[in-house]
Each structure stands twice: as C-alpha cells, then as structure tokens.
Amino acid sequence: MSDQQTDPRADKKTYKKTLNLPKTGFPMKANLVQNEPASLKRWDKLGLYPKLREQGGSKKPYVFHDGPPYANGSIHLGHLLNKVLKDFVVRTKTMAGYDVPYVPGWDCHGLPIEHKVMQELGDKAKDMQPIQVRRKCKTYAEKFVKLQTGQMKRLLTLADYADPYLTMNPRYEGAVLEVFADLVSRDVVFRGLKPVHWSIENQTALAEAELEYYDREDTSVFVKFDRVDGQGSLMIWTTTPWTLPANLAVAVHERYDYGEYEVNGQTLILAVELAKKVLKTDAEPKTTCKGSELVGLEYKHPFINRTSKVVAADYVTLEDGTGLVHTAPGHGVDDYQTGLREGLDVYCPVKDDGTFDDTAPDWLQGVSVWKANDLVVEKLRESGHLFHAEQFTHSYPHDWRGKSPVIFRATEQWFVDVNKSFSVPSAPGSAGGSAVGSSSGGSSGGAMRQRALDVTANDIRFFPEWGRKRMRGMLESRPDWCLSRQRAWGLPIPAFYPPEGVEGEPLLTPASVLAVAKLFREKGSDAWFLAPPQDLLQHYDPAGDTDAPPWAKSCDLSKLVPGADIFDVWFESGSSWNAVIRQRGLAKPDDAPTVTDLYLEGSDQHRGWFQLSLLPCLGSQGKPPFTSVLTHGFMVDREGRKMSKSGGNALDVDVLLKDYGADVCRWWVSSLNSDNDIKVDPEYFRLAGEEYRKVRNTIRFLLSNLDGFNFKQEKVHFEDADATSIDAWMTRELTKVSDTVLAAYDGFQYRKAHEALFNFCNDTLSSVYLTALKDRLYCDAPDSPRRHRTQSTLYRAATVLIRLLAPLLPHTADEAWRALTGNGDDCVHLLPFQDVDCMRQIPVSEDWGALMQARDTWLKSIEEARQAQGIDNPLDCGVRVPAIKDVACASFDLADLADLCGVSRFAFDDSVQTVTVDDLRSEPRCERSWKRDGTVKQRSDGGMLSDRDAQALGLT
RNA sequence: GGGCUCGUAGCUCAGUUGGCAGAGCGCACCCCUGAUAAGGGUGAGGUCGUAGGUUCAAGUCCUACCGGGCCCA
C-alpha cells in the first residue's frame, strides 16, 4: 500500500484498467491516399449513383447542369476548384432531400484538339481528308475524357460517370442542330461578311492559334486623302498599301488634338503630337481642333471615284502613324467593328486566291495583293497623293503550316442577329422538332439581346450579385454572334449551296436542318464528310418545305453542294441545356420559367458559357436556361499573380492528391471565399491537412467513447431536470450548428459551413464539451445514468456532425459513419442530413449562454492563480464564484461546472466578491479520478478513492 | 484603354443600415500524459493598399491614385 502511494505509476497500473477508456477502430491516421481509392471502389460496387436515382424518384428534383471542360490535357487546380464546388452542390442538395441527377460533360470539338492533332501529324496532314483528321481528333478527345474522368472521380465527385455527355456524340450533335433549327425558324440566322485571318497559300481561314508571328519588311506609306471641300488633305499611314482600295473611312480619336500644317503649299491634317515626327519640321499648326470636330468630314478616295467620311474610334493611338487611321472594314477587325457601328459596307475586293476581283480598279484586277503593294504605291506617287514611303519592319502573322504571310480578308460567315425581334411559339417548347416554321400566338417579341438583358435584370439570380452587372455589360456590347468556323473538327453547319451555275441563297431551313439533325442523331456528323447530299437530306422533302429557296424545290438533291463551315464550339456547349438536360428528361417542367436550377462556373463564363447558353435558349425556348448563376474566381499564387504553367507557379493536382488526399483538398476548397481570386500555395494544403486532422480526431473521440453503446436501446430521454445538464447544452449547440451549416449550404456559402463545422469541432466539442466529459466517461460506472445520458448526446453529436461533413469530406464521413454504426455496408451518402427537430424538444436552460460566457473569466482567473501559486495541475484547484445575476445558479450541477473548468471542485459562494481559486493540494487525491474530491478516503481495497469511484468499482 | 472585381493581424478570412477593429490557423509561454505522432489554458500581433474629401464619428460613403484578377479592346 505504501508503494502505491509513493509511486504514482503504481496507481496507474492499479486503476487504469478499471476505467472506461476510449476505444475505436477508427484510426487517428487517415491514410487518405490509400483509403480513398478503396472508398471509390466500395461506392461503385454499392452503385451509389444509381441507388440515389432510385431513392430520388419520389423527391423534388434539383436541376444542376455541368458545364463541359475541354477534353484536352490533365486537370488543373481550376478544375479541382470547379468540380469540388459542384460536388458540394450535388451532395448538399441531395442530402437536403432533393433528387439531383448530375451528368458530367466534355467539350470535345474545336481548334485546340485539331491543332494538336495537326501538329502531331506534321506533313502528313496535308494529304489527309477532313474525315481522317476528324477520326484522329475523336481518338484524341476520347483519350483525355478518359484521363480526366479518372482524375475527377479521384476528387470523390459524385456524378453519372457511366453516361457522361460528350459534345461529339451523335445524340448530342442532333440536339444542337435542333436548337439551331429553332433559331433558323425565328429568322435570326443570316449570312454576312466578316474579316478573318486568311491563308492565301492554303486558301483557308486561320484561327489565332494557327498563326505564327515573324518580322516582315513591308512598304509603309503616308497618304494624302483630299478633303471634298478642297481645304487640304487628311494624312493617313498604313503598312498594307494593298488594302487602300477597300478604304471606306478614316478614324480619329475624339479626344486627341489635330492640327492643320502647311507643307510645300499644301494643307495637311494630322495629330499634333505626331506632326514633328511625320513632317520632320518644327512648324506650328495653322489651326488645331479636337478629333471630335473632324468627325463627319468628307474626303475623296485617292484613286477610286468614291467619297467617305471621318469617324471616331477609341483604338486610335499616337504611337505610330498620323493619328488618322485608314479604315477598311473588309480587312481588319477594328475596322470591321467601326464599319458595323457606322453602317459601312464590309467591302473586300480580294478573292480566295489573294488576287483582286472585278470590283477593284482595272489595273489591280487579277493582281495578287503582294504585287499590288508596289502598284498602289506607284499609283499614289503618280497622282501626287503619296506624301512619303519607306520600308518598315514589323511583326506580321504567318500561316503556322506553310509559314507564308496571311492577310485579313472579309469572308462570308453565318451569324445570329442579336438585334432582330422574333417571337417564340408558346409551350411546349420546340428544340425537338415540334415547332417548325413560323408560328402565330407566340410569346412576346423582342430581340435576343433585349430579351437577354431583360431576364438578366429581372429573372436570374446571381451569386455573387455583381455577376448581374457583368452579364449586362457584356450583353450590351456584344456584336452579332458569328457561328461559323472554317475547320474540320466540329459540327457542320448544315447548309447546302446551289450547284454550279445556279444562283440563289443556300438551302438552310428549319425543316432541312431538322432533317440533318435526324441523320446526325443516327449516324453522327461524320456523315457530312462521307455521305452524298441526297443521303444527308434523306429525311427532307424540298417540295414540301415552304421555306426552301426556289432553286432547291426543283433541284436534284445529289447536285447540292454541302457547306464546309462548322459551328463555333460555343454554340455546341451553349445548347447543352437541350442536348443534355431536355434530351435526358431532366429539365424542369415545360411551363417552368427556366430549364434548369443552376449553372456554376468560373467568372470568365459570363462572357462564355453563361451568355452563349442564354442566347440560344432564349431564341429557342423564349426563356433562360438557368434560374441561378453561381461563379467562382481564379487561382493566383501567394503574391496574387496569375497561375500558369509557363510562369512556373502552377501546382499539379495529381501531386496534391498524392501528398494530401482528396478530402484534404476538398476541405481546402470549402475554406475558400471563392467569389474572387483564390490564392494558392502548397503551404495552404498543409494547413488544411492540419485542420482536417483536428476534425478527424474530434470525430475519433466521439466514436471511441461510444464503443459498445447501443443508441437505440440505451439512449436516455431527457427530463426537465436535465435542462441544466451540460448534455442539454450540447444538444442545443447541435441544433445551432446544424441550422447554421444547412443555411450556409442552402446559400452555396461553403466557407461559412466550413467555419461553423471547424469551430464546432475545435471549440464547442474538443475544447469545451469533450474535455469536460472525460471524467464521467472514464470514471463513472459504465452504465451509470449520467454516463448514458452523455453517450446519448455523443451519439447525437456524431450523427449530426458526420452527416453535415459528408458533402465536404465524402471519404472520411463514410468511414466514420461505418465506424459509428458498426456496419461496414452502411453508407452515409444514402442518408439525408440528420433531422434535429426532435432535439429541439429537449429542454435546455437558457442560462447556459451566461454561464459559458462566465467560464472564460473563470478560466482566466484559474490560469492567473496557478501562475501565482505555482499550481501545475488544474485538478489541484477549486473555484468559488459569486452568483451570476439572473442565473438560477442553484439548479446547476456543480460537478458539470467543475468539469467545464477542469478543476476538482466548483461552488457558487456569495461570500466572495470575485472568482476565487483555492489551492487543494493539501487535500487527499482520488487515485482513480485524480480529483481532490471531498469524499476521498481509504477504501476496502486500500486505495484512496472518492465516493463515485468507489461506487464504480463496487467498493466500500 | 474600357467593363466587372479585389486589397483588414505573419496566413486564410468576418466585419450588417457609418458608432470602442473580430475569428480561426500559425507563433510564444505554460499545463496534462487516461484522445498521446493526441488534448487543455493563457498571451502577443493591425496607420483596415495610398492620398484627399463628406461627417460629431469612416474599415464602412465620395474622389483620385497604387497594386492584383477575369473579360474585352
């Protein structure tokens, strides 16, 4: 006995075995990198996604639509953020009681893939037919869909990966054409001119990505454009003299100063700031004016019988030239925009082969543009319009394949007119073939732009709210939508041109488009490149189509010439509300104001997918595709700079998953304010891992103290007398955290949920409640009512907490849930959030708020006293405090309060003015609970024990 | 250059209609050793991007500027 008293280790040995110490199979170490893939397999085996669909039959649907990432490359941090946020939506809405079918998709067509494939093919590409290139592209896209699918699954995202949507699938292609047919029937699709980069060598349009810039020496000229009123000349500058025949305007900047200068008896007008450099003189201008005063001034073309006007444009600069910009809408993008605004023709006298057509002056007809440069200069010199010519070296675009210089040239393209009013037949919506041709009794009129502005202002919800402004600005400034591209890898625009020798508009009617749609649905769009025209139109009868152009009605279909244009890929992805949501029967009812509930993408998609889904949907259905638009920001590094592979500051998702696991990455995502820029650094994942461990350990403590406890059989029903118990307080806290987190989930505020959950684990549970419980959990008799009441509460905490965490930490929550139920086949993801209404019935003293607030000051006093009196262990302290105003102090269990302070004894004592800490070291210590309880005395086994501990051991 | 947006503690972020600058992490010091590669307590940290203005009072409203981001040009 004396040994036991002198050697504390002996105490341990004696009584440790008599305690109810925590025990669980839920390990402290998560080992996510190994265990998460195992979870994936288990969910696959269980059929989690299909099971949820079965369950969902009776539930209200929540229609959430995935925007398609591009099927190219490995996923990056932006995908991680986007996909995890989307998964939060899917999982929180599912657990909130909705049916949330979620079809992931990929954007498969388009230039980046075609470009990559062409690069890989190298010289071989030149001899290949479009269909051969397309097959390579398809294989390429499939490869990356597969790769990315695996990576997205690894992020533990829940989606219909068994049946994703691919924009290159036949059923998808058919559905896109059905949307297009609707737009055609609204009469908003037209053919117009637009300048594009044109390779003369390959006689094809090129995209920006297919250009390579090299230095090139050209003749630059300063040219005098004589004023119609004879009062001098406008001086312009250009490095492409061959574009002068297409000059239709001169642009000035309204705010710049322009001056009239006398040179060799002529009056020349140019920007004051550039006069010295151009005229090589210090002469002062005769007069000056603002550019705005020049607007409207008429001038004569130097060698064509034509007058044009000065217009204003804000892209005019004072870096080169004269401040007066030669404007040829057929030969430049800026020029084209200006031309549109000013109502100028998109005039382009240059043919496919780079020679001038018969609208050009006769001395240029048939001449190539490169030869024309010299001819034009010579002509200007002869007529006295040339002020100066010099060789000029500048960076100039070249065809990436042939390395030959390209030109800007207006070509015929397909457009959607966003300013033309149309009406939409009333429900049922078309985009499936029901409404062909014009229809009466449609919905209200208005052009696409105006309709889009209206719904943006009034009907759509934006998260964050400023998305509304951003969308509006982009809609206001957008031009007509150019739908066509001159490429191979895409969805063909199903237009047919008349046979050679026949004049007329191309055949493109609602019925002809739907006929091709039907064919594509059956055979895929490869048919366009394989089948003869009469087969492409096998579902079409021109004679019965009132919209068909006259020539087509009597034409032998086999003589038609299929067009070579494909759709802008944005039209394909912008039709996904039809090609995925409506086609799969997932849409909201036809009479609902929108097709889906939510689109969620990066904020760049205000211009991209959001807008380009909104426009076709308004055109086809007369209503927006989404009720709500949720956006997130972009990844930047810790200095706030953009992340890029070339910048060397990009993080690899595979590496992050390997180092931290998906749940930690997801926990990080949930911690973000994702409205705006998101700073990323490896360090932040380490910190997220630390927080994750904290949460995991808290759950582990809950589970480890529920070992052997059967909630259904042993749960304690709270009586009124329990209202002042610490367990009642915890129950109230549970309802609070549940309310907070569910409200945050409902409003997509995952950061708020994250914060509430972490603080609940870290503070409410770990620091306050669980710490206070240790004594009773470990030392009370295993089946004591007090311990059972606490375990009932622990169980409730576990079930509420684990389910709230499930959307954020799918693996860990699942693992914990199976540990809680003891059934390895259970799956928390098949359950709704825990209903806490039954817990609200449990009586709770309203005094707990004041007590918990007071606890902070008690702890501070205890700390100070321990420092002052040299008391190491708080269990060597007793605390006496004066009664708290308006609190029924007498009704509280002093043992609860002592445990909340971590001391051996607690009392309300009106004889003290302030918190008083007593040194209890002279009193005997219970060798089992280590508390200096007043009841400690020697027991029948010889140990010094308190009443409670003696009772627990059955000793007297 | 234009539209939208952001700048608060070392880090991540809260800060409603103007009313005494907050939380968590990290850090420092201490405790426990019966959650143990865990757990608890206490504490230090800020000229709210800069400069003006409105106001009794500004992180918050206004103006300009500086530095980021997205989308355009």
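When reading the values below, keep in mind they use all heavy atoms of this one structure, side chains included, and skip hydrogens, waters and symmetry mates. The chains referred to below are lettered A, B, ... by the order of the sequence lines, with proteins before strands, and numbering in each begins at 1.
Residue A:Phe758 and nucleotide B:A23 are not classified as a stacked aromatic pair, given the requirement of ring centres less than 5.5 Å apart at an interplanar angle below 30°.
Residue A:Lys860 is in sugar-phosphate contact alone, with no base atom involved, counting any heavy-atom pair closer than 4.0 Å across all strands shown. A:Leu19 comes within contact range of at least one nucleobase, with a heavy-atom separation under 4.0 Å. If you check every strand for non-hydrogen atoms under 4.0 Å, A:Asn759 touches sugar and phosphate atoms only. Contact annotation for A:Arg866: backbone-only contact, meaning every heavy-atom pair under 4.0 Å involves sugar-phosphate atoms and none involves a base. Within 4.0 Å (heavy atoms only), A:Lys23 reaches no atom of the nucleic acid at all. If you check every strand for non-hydrogen atoms under 4.0 Å, A:Glu476 touches nothing.
One atom, NZ of A:Lys679, and another, C1' of B:G10, lie 12 Å apart when rounded to the nearest Å. Distance CD (A:Glu639) to C1' (B:G69): 15 Å, rounded to an integer number of Å. B:A35 atom P lies 16 Å from atom CG of A:Leu765, rounded to whole Å. In this structure, A:Arg478 places its CZ atom 11 Å from P of B:C72, rounding to the nearest Å. Rounded to an integer number of Å, the gap from A:Gln869 CD to B:C31 C1' is 16 Å.
In terms of polar N and O atoms assigned as donor or acceptor, the side chain of A:Asp677 comes within less than 3.5 Å of the base of B:G68 in a complementary pairing.
Nucleotide B:C25 has B:G10 as its partner under the Watson-Crick or G-U criteria, with both atom distances under 3.5 Å. With a 3.5 Å ceiling on both atom-pair distances, B:A57 lacks any Watson-Crick or G-U wobble partner. Using the Watson-Crick or G-U wobble rule with both distances under 3.5 Å, B:A64 pairs with B:U50. Pairing of B:C32, defined by two Watson-Crick or G-U wobble distances under 3.5 Å, is not identified with any nucleotide. The partner of B:U16 cannot be assigned: no Watson-Crick or G-U wobble pair with both contacts below 3.5 Å exists in any strand.
Residue A:Val636 places its side chain closer to B:G69 than to any other of B:A35, B:U42, B:G69. Of the candidates B:G40, B:A35, B:U33, the closest approach to any side-chain atom of A:Trp930 belongs to B:U33. Distances were taken from every side-chain heavy atom of A:Ser766 (C-beta onward) to each of B:U36, B:G39, B:C25; the shortest belongs to B:G39. Residue A:Trp466 has its side chain nearest to B:U5 when only B:G41, B:G69, B:U5 are considered. Comparing B:C4, B:G34, B:U12 by their nearest atom to the side chain of A:Arg470 picks out B:C4.
Of the listed residues (A:Glu864, A:Glu863, A:Gln869), just one forms a side-chain hydrogen bond (donor to acceptor under 3.5 Å, both in side chains) with A:Gln867, and that residue is A:Glu863. Looking at A:Arg948, A:Lys774, A:Arg928 one by one, the single match for salt bridge (charged side-chain N to carboxylate O under 4.0 Å, His left out) with A:Asp780 turns out to be A:Arg948.
Residues A:Ala30 and A:Tyr692 come closest through the heavy atom pair CB-OH, 3.5 Å.
Taking 4.0 angstrom as the limit, A:Tyr778 places none of its side-chain polar atoms (N or O) nearer than this to OP1 or OP2 of B:G34. In terms of phosphate contacts, A:Lys774 brings a side-chain nitrogen or oxygen within less than 4.0 Å of OP1 or OP2 of B:A35. The side chain of A:Asn762 places no N or O atom within less than 4.0 Å of a non-bridging phosphate oxygen (OP1 or OP2) of B:G39. Phosphate proximity of B:G39 to A:Lys694: present, with a side-chain N or O under 4.0 Å from OP1 or OP2. Residue A:Arg700 has no polar side-chain atom (N or O) positioned under 4.0 Å from OP1 or OP2 of B:A37. Dashed line: the shortest gap from a side-chain N or O of A:Ser603 to OP1 or OP2 of B:C4 is not under 4.0 Å.
Comparing the same atom, C1', in B:U60 and in B:C70 gives a spacing of 26 Å after rounding to whole Å.
Looking at residues two or more places apart in sequence or on another chain, you find a salt bridge (charged side-chain N to carboxylate O under 4.0 Å, His left out) between A:Glu923 and A:Arg905.
The residue among A:Glu863 and A:Leu21 whose nearest nucleotide of RNA chain B is located toward the 5' end is A:Leu21. Nearest-nucleotide assignment on RNA chain B puts the 5′-proximal partner with A:Asp775, out of A:Asp775 and A:Asp604.
Figure legend: cation-pi geometry between A:Arg696 and A:Phe26, with NZ or CZ positioned under 6.0 Å from the six-membered ring centre and within 45° of its axis.
Applying the 90° cutoff around 0 to the glycosidic angle, B:G24 is assigned anti.
The aromatic rings of A:Phe626 and A:Tyr599 sit perpendicular to each other, their planes meeting at more than 60°, with 30° as the lower class boundary.
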